Each structure stands twice: as structure tokens, then as C-alpha cells.
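Reading through the C-alpha cells given below for one structure.
Everything quoted here is computed from the prediction, not taken from an experiment. Lettering follows sequence order; numbering is per chain, from 1.
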Number of protein chains: 2
Amino acid sequence: MAIDRTTEAAWTTLVTTGRRLHDAVGARLKAAGLPPLDWYDALWEIEKAGEGGLRPLELESRLLLPQYGVSRLVDRLAKAGLVERRACPDDRRGQVLHLTAEGREMRATIWPVYEAALTDHIAARMPRQDRLRLVRLLQTLDPGDLSQT
Amino acid sequence: MAIDRTTEAAWTTLVTTGRRLHDAVGARLKAAGLPPLDWYDALWEIEKAGEGGLRPLELESRLLLPQYGVSRLVDRLAKAGLVERRACPDDRRGQVLHLTAEGREMRATIWPVYEAALTDHIAARMPRQDRLRLVRLLQTLDPGDLSQT
DNA sequence: AGCATATGGATGCATCTGCATCAATATTGA
DNA sequence: TCAATATTGATGCAGATGCATCCATATGCT
């Protein structure tokens with residue numbers, strides 16, 4: 001028995017418009033000479049964490065990255081002078097991430113471009129009510145937090 | 001003026017559930033010892049093209065890949081003996097792609113696993129009516145076919 | 001016809017990702 | 001207290017991707 005057509009349609013439109021939207025927004029950043037979206041996401045999570053900084057483990061769960069992905073993303077951010085790895089006082093295996101002044105500056109520089117792209121691609125194309133409906137529908141589809149059977 | 005909360009929510013839920021779902025389904029294939037989703041998509045497009053085969057250019061527009069991405073994906077598929085590149089009669093620069101018998105077999109082997117994953121992750125979690133609503137909403141968000149401003 | 005330009009597709013190089021594993025420190029339990 | 005195990009984060013290696021460019025053929029223009 002073949003799969004339902006609406007299931008297939010939901011699958012393909014979800015995956016492709018998700019990817020296309022992501023690419024389109026990413027392209028805006030690149031066109032503005034800015035770093036990629038992951039950088040923004042990481043900077044933002046670290047900045048939101050405030051004074052206490054953020055453990056890489058936390059970043060791993062907030063972003064959609066495997067452990068080694070975080071490790072290397074942080075490498076690049078640190079090499080670019082945007083993030084600082086500090087020793088973690090509670091756990092000598094661990095670290096705590098903090099933004100540098102440049103990191104905060106970069107985050108603030110990226111945001112308006114990012115925001116404009118979201119406005120153009122989402123807010124301008126879909127009324128508020130539909131955005132809410134979409135979010136509710138999507139939430140019922142989200143698989144558990146990590147990889148599952 | 002800050003961006004609307006629903007716009008942000010739509011953005012993040014769309015991108016993250018899209019990616020999670022894609023990862024979850026991909027993980028099913030891997031768990032079954034099967035090749036990744038792109039392979040399936042390419043095989044399926046080529047198979048659907050039928051007797052006449054498919055030009056790489058067509059594949060490029062149907063899948064969400066840049067030109068060199070198609071070139072290399074086809075490399076791998078050909079190396080695995082699933083796809084054959086034939087000379088294109090009309091245009092000596094071009095090629096026409098065809099599935100080998102093994103390619104058809106592989107496509108057919110992957111499908112039940114893929115289908116089961118879609119059923120579990122989509123059909124089982126969301127009623128038909130909502131799937132339709134979701135598709136309609138997503139369609140209004142799809143950026144133009146390729147990269148745009 | 002003959003040259004400029006456009007198109008289909010491949011590829012060298014740098015970067016990024018996935019996988020497996022490692023080293024260092026923490027935690028558990030006898 | 002000490003060994004077994006778990007956890008944090010890094011890394012060597014192979015494979016994948018992005019970017020720019022290249023080659024070969026097609027098309028357009030004069």
C-alpha cells in the first residue's frame with residue numbers, strides 16, 4: 001500500500017522550503033560579506049548566556065550540531081577572535097565560552113541583515129495569523145530532541 | 001523596531017524541524033545500511049524519467065544541488081554501479097543518465113524503509129487535514145526556485 | 001564562414017563534515 | 001582508597017562541499 005500523497009507532499013515541501021529559505025537567508029549574509037548563519041547562532045547563544053558564559057555542551061544542545069561540530073565551530077570563532085574559551089572553574093575537563101568585544105560587535109552587525117532577510121522572506125509573504133498556524137503545525141512534527149529510531 | 005515574534009518562531013521552527021526530520025529519516029536509512037537520502041532522490045528522479053533518461057541539468061533543477069554537486073553525486077552513483085552516463089545524442093557536451101538494473105533494485109530496496117520513516121514521522125503524528133494545511137502554508141513561503149536577492 | 005560568447009559538465013584546492021578514537025578529568029562503587 | 005566507568009572536549013583521517021576555473025561544444029552575430 002502506497003504512502004498517502006499528503007504525507008509525501010508535507011515531507012517534500014517541508015524539507016525543500018526549509019532548505020531553500022535557509023539558503024536564501026544565508027545568501028543574504030554572504031552577499032553582505034558576513035559570516036555564515038551558524039556563526040550567528042553560536043554568537044547569539046553565547047551572548048544570551050550573559051556573564052556566566054556558556055558551556056560547549058549547552059551550545060551543542062541549543063544548536064543542531066554534534067559534539068565535534070561544536071568543537072570545531074568554536075575553533076573557528078576563536079581563531080576569528082570572536083569567542084574566548086575560558087577554563088571552567090567547576091570542571092577541569094570543561095570550558096566556558098564568552099564573547100569578545102569583537103564577537104558582540106559582529107553579532108550586532110549581522111543581526112540587521114538577518115532580520116531584513118527574515119522580514120522579506122517570511123513576514124512579507126505570510127500574515128501573522130498564518131505564521132502562528134504554521135508554527136503550531138510544525139511543532140507537532142518535530143521529532144524528539146536528538147536522533148531516534 | 002524589532003522583528004515580530006511570530007516571524008522568528010516561524011523561521012526557527014521551520015528550519016529546525018525541517019532539518020531534524022530530514023536527519024531522522026536519513027538516520028533510518030543509515031541504520032538499515034542503506035545509502036543516504038540524496039542517492040535515493042537522484043535514483044528516483046532518473047527512474048521517473050524513464051526510457052529517455054535524464055540530463056544532469058534536469059537533475060540539478062529537481063534536486064536542490066549546484067551543478068558541481070550533481071556532477072559529483074553522479075560520480076558516486078556511477079562508481080557504485082547504480083547509474084550510467086551515456087553520451088547525449090543532441091548535444092555532444094552533454095550526457096543522459098540512466099539507471100542500471102542495480103540502480104533500480106537499490107531504489108526499490110530503499111523505498112520501503114523511507115516510506116516507513118515518513119509514515120512514522122509524519123502520517124502518524126499529524127492528521128491528513130493538517131498535512132494539507134501545512135503544505136499550503138509552506139508553499140506560500142517558498143522562495144523563488146533558485147538563489148535570489 | 002569566422003569570431004565572440006554562452007552552455008554543459010568536470011576538477012584542483014581549500015574548507016567542512018562524519019566517524020572513530022583519544023586524552024584528561026569526574027564519578028561511582030567495592 | 002583505588003579501580004572501573006562515564007563524561008568533556010579534541011583530533012586524524014576519509015569523504016563531502018563551495019568556489020573558481022577549465023575544457024569542450026553550441027549558438028549568435030557580423
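- The distance from atom CZ of A/Arg76 to atom C1' of C/dA14 is 13 Å, rounded to the nearest whole Å.
- Separating the CZ atom of B/Arg92 from the C1' atom of C/dA10 is a distance of 18 Å, rounded to the nearest angstrom.
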Show the numbers, then the answer: is there a salt bridge (Lys or Arg N to Asp or Glu O under 4.0 Å) between A/Asp120 and A/Arg125? CA-CA 7 Å; A/Asp120 293 352; A/Arg125 296 189 187 205; over 6 Å; no
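- At whole-Å resolution of the value, CZ in B/Arg93 and C1' in D/dT27 are 8 Å apart.
- When the nearest nucleotides of DNA chain C are assigned to B/Glu60 and A/Asp90 by heavy-atom distance, the more 5′-ward of the two goes with B/Glu60.
- Using a 4.0 Å heavy-atom cutoff across all strands shown, B/Arg55 reaches sugar-phosphate atoms only and no base atom.
- Taking atom CG of residue B/Asp23 and atom C1' of nucleotide C/dC19, one finds them 15 Å apart after rounding to whole Å.
- Mapping B/Pro56 and A/Leu65 onto DNA chain C by nearest heavy atom places B/Pro56 closer to the 5' end of the strand.
- With rounding to whole Å, B/Leu77 atom CG is found 16 Å from C/dA10 atom C1'.
- Put simply, B/Arg72 has no side-chain N or O that comes within less than 4.0 Å of OP1 or OP2 on C/dT11.
- Relative orientation of the B/Tyr40 and B/Trp111 rings is parallel, given thresholds of 30° and 60° on the angle between their planes.
- For the pair B/Gln67 CD and C/dT7 C1', the interatomic distance rounds to 10 Å; values are reported in whole Å.
- A salt bridge links B/Arg131 and A/Asp4; the closest N-O separation between the charged side-chain nitrogens and carboxylate oxygens is under 4.0 Å.
- Straight-line distance from the CG atom of A/Leu57 to the C1' atom of C/dA26: 13 Å, rounded to whole Å.
- Here A/Tyr68 does not reach the OP1 or OP2 of D/dG9: none of its side-chain N or O atoms lies under 4.0 Å away.
- With rounding to whole Å, A/Leu59 atom CG is found 16 Å from D/dA10 atom C1'.
- At a threshold of 4.0 Å, the pair A/Glu8-A/Arg5 does not count as salt-bridged, since none of the basic side-chain nitrogens sits closer than that to a carboxylate oxygen.
- Checking A/Lys30 against A/Asp91, the closest nucleotide of DNA chain D that is more toward the 5' end is the one next to A/Asp91.
- Taking the six-membered ring where tryptophan is involved, the planes of A/Tyr114 and B/Trp11 are perpendicular, since the angle between them exceeds 60° and thus also 30°.
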